[in-house]
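Since the model is a prediction, treat every value here as computed from it, not as a measurement.
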Amino acid sequence: MIEFVLDSRSKVNTYLQLVQQVKQALRVGLLTPGDQLPKVRDVAQSLAINPNTVLKAYRELEIEGLVAGRPGVGTFVERSLAGASLPNQAELREDLVAWLHRAQEAGLTPEDVIALVETTLRATLAGDTPHRKPAGAG
């Protein structure tokens, strides 16, 4: 089951943070069709937020067709966002964990890591070629 975490420093609305976390869990296979999301009341209590915020997030996910609410029972995952790359993610995750340990040893803060990943991702995808050769190679 997913455990939500809020970033109080984030400029992203609380309900959108919840939506993003569910989508990430669906993308990496932590949540699969049939899984139940935590009860609204439990999420609201554990995060000290208004239950309406959780309801708004769950409604957004329902509108997108990712989950379905069953009155009196709960909210359940309807479909996954995991792609064909899911089987490769375990090995890539291990590589990422090792890289994150190196980044931490090099003195990078979580904010530094996020900035490095996001700027590198944008620069890489801007070229629109997944495996560009370095200048002079080839």
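Between atom CZ of residue F4 and atom CG of residue D42 there is a gap of 11.0 Å, rounded to the nearest 0.5 Å. Between the CG atom of L31 and the CG atom of L81 there is a distance of 10.0 Å, given to the nearest 0.5 Å. In this structure, W99 CH2 and L116 CG are separated by 4.5 Å, a value rounded to the nearest 0.5 Å. Rounding to the nearest 0.5 Å places CG of L47 at 10.0 Å from OG1 of T53. For the atom pair NZ of K56 and CZ of R59, the computed distance is 8.0 Å after rounding to the nearest 0.5 Å.
Scanning both residues, P33 and S80, for their nearest heavy atoms gives CG-N, 3.9 Å. Here the closest heavy-atom approach between residue V43 and residue P38 is recorded as CG2-CB, 3.5 Å. Nearest approach of L16 to V12, heavy atoms of both residues: CB-CG1, 3.6 Å. Here the closest heavy-atom approach between residue D112 and residue G107 is recorded as OD2-O, 4.2 Å. Of all heavy-atom pairs between N50 and A44, the closest is C-CB, 4.2 Å. The heavy-atom pair separating D35 from L30 by the smallest distance is OD2-O, 4.0 Å.
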Table please: side-chain donor-acceptor pairs of residues 63-76 below 3.5 Å, with sequence neighbours left out.
unit_1: E64; atom_1: OE1; unit_2: K23; atom_2: NZ; d: 2.8
unit_1: E64; atom_1: OE2; unit_2: K23; atom_2: NZ; d: 3.2

Return all side-chain donor-acceptor pairs below 3.5 angstrom for residues 87-95, not counting sequence neighbours, or 'none' if the list is empty.
none

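A single hydrophobic cluster is not seen to contain both L61 and V28; linkage of ILVMFWY side chains at heavy-atom distances under 4.5 Å, directly or through other members, places them apart.
When the options L18, V22, V19, L55 are evaluated for a side chain to side chain contact (heavy atoms under 4.5 Å, CB included) with E60, the one that passes is V19.
At most 12 non-hydrogen atoms from other residues, nucleotides or ligands lie less than 6.0 angstrom from CD of Q104.
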